[in-house]
Amino acid sequence: MKEKELRRSMSVFPIGTVIKLTDLSARQIRYYEEQDLIHPQRSEGNRRMYSLNDIDVLLEIKDYLAEGINMAGIKRIYELQEKEKEEKSRQSEKTLTDDDVRKILYSEFLSISGLSPKDKNKLMNNPFRNQH
DNA sequence: ATTCTAACA
DNA sequence: TGTTAGGA
């Protein structure tokens, strides 16, 4: 399910297409970029190229606007989301760290027991059985 | 034909 | 936010 995110983040739409898809004006779309709500890439000719993710955000902004939320409020919403992502990123790192610790303990266990990885199934009480 | 930046009768 | 000028 990683391929999907990659496609959604590919910048392939010129602003004209985004205008038709979102019904927002070019002025508005560029302004929201200025507010760091979207980050379209630039083509060779300095033209903005938008991704599906950018379009999703623009549509969300359009909804917030319809609900009477101003730019300051919308910016806060996305600032909070970024802070939440940062925390999840840290948790992800800690999970990977725990996994690394397990691998280290495993290799140390093999080293101390004097066995090669191929001999692991010969052990009756190997705490690392079925984990690799 | 489209999009870009900058500026404002 | 709209609109327009002048360039790419």
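This one's a predicted model, so the numbers in the text were calculated from it and none came from an experiment. Note: hydrogens, waters and symmetry copies are ignored here, and every other heavy atom, side chains too, is used. Below, read A as the first sequence line, B as the second, and so on, with proteins coming before strands; counting in each chain starts at 1.
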Q: Taking the side chain as everything from C-beta on, heavy atoms only, tell me whether A:E33 gets closer than 4.5 Å to A:D54.
A: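 The answer is no, as the side chains (C-beta and beyond) never meet within the 4.5 Å cut-off.
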Q: In Watson-Crick or G-U wobble terms, both distances under 3.5 Å, what is the partner of C:dA5?
A: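 Base-paired to B:dT5.
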Q: Side chains of A:I15 and A:R30, heavy atoms from C-beta outward: is any pair under 4.5 Å?
A: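 A side-chain contact exists here, since the closest heavy-atom pair is under 4.5 Å.
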Q: Report yes if a side-chain nitrogen or oxygen of A:S25 is closer than 4.0 Å to either non-bridging phosphate oxygen (OP1 or OP2) of C:dT1; otherwise report no.
A: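 False: A:S25 side-chain N/O out of range (4.0 Å or more) of C:dT1 OP1/OP2.
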Q: With a 4.0 Å cut-off on N to O distance, would you call A:K83 and A:E79 a salt bridge?
A: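 Looking at A:E79 together with A:K83, the answer is no, because their closest N to O distance does not fall below 4.0 Å.
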Q: With the side chain of A:Y32 defined as its heavy atoms from C-beta on, choose the nearest nucleotide among B:dT3, C:dG2, C:dT1.
A: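 The closest nucleotide is C:dT1.
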Q: Using a 4.0 Å cut-off on protein heavy atoms (strictly under), produce a 5'-to-3' string for nucleotides 3-8 of chain C with B for base contact, S for backbone-only sugar-phosphate contact, and - for none.
A: B----B
Q: Just checking A:G45: base, sugar-phosphate only, or nothing, at a heavy-atom cut-off of under 4.0 Å?
A: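 Nothing, no heavy atom under 4.0 Å.
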Q: Classify the nucleic acid contact of A:I29 as base, sugar-phosphate or nothing, counting any heavy atom under 4.0 Å across all strands shown.
A: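 Since no nucleic acid heavy atom lies under 4.0 Å of A:I29, the category is nothing.
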Q: Atom CD1 of A:I15 and atom C1' of B:dC4: how far apart are they, to the nearest Å?
A: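 Checked: the CD1 to C1' distance equals 9 Å.
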Q: Without decimals, in angstroms, what is the distance between A:K20 NZ and B:dA1 P?
A: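 Distance check: A:K20 NZ to B:dA1 P gives 13 Å.
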Q: Apply salt bridge (Lys or Arg N to Asp or Glu O under 4.0 Å) to the pair A:D99 and A:K103, showing each step before the final yes or no.
A: CA-CA 6 Å; A:D99 190 57; A:K103 289 176 179 174; 3.5 Å; yes
Q: Please check if the side chain of A:S89 supplies one atom and the backbone of A:K85 the other of a donor-acceptor pair under 3.5 Å.
A: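 Checking the backbone N and O of A:K85 against the side chain of A:S89, no donor-acceptor pair under 3.5 Å is found.
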Q: In Å, rounded to the nearest 0.5 Å, how long is the span from OH of A:Y32 to CZ of A:R27?
A: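 CZ of A:R27 is found 10.5 Å from OH of A:Y32.
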Q: Can you measure A:E33 atom CD to B:dT3 atom P for me and round it to whole angstrom units?
A: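 Result: 14 Å.
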Q: CD of A:Q41 versus P of B:dT3: gap in Å, rounded?
A: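 Interatomic distance, CD of A:Q41 to P of B:dT3: 17 Å.
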Q: From CG of A:N46 over to C1' of B:dC4, roughly how many Å is that when rounded to an integer?
A: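 It works out to 7 Å between those atoms.
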Q: For A:I19 and C:dG2, give me the distance from atom CD1 to atom P, rounded to whole Å.
A: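 It works out to 11 Å between those atoms.
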Q: Would you say the side chain of A:L58 lies within less than 4.5 Å of the side chain of A:L21, judging by non-hydrogen atoms?
A: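 Heavy-atom side-chain distance check fails, nothing below 4.5 Å.
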Q: To the nearest Å, how far apart are A:Y31 OH and C:dG2 C1'?
A: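 Between C1' of C:dG2 and OH of A:Y31: 14 Å.
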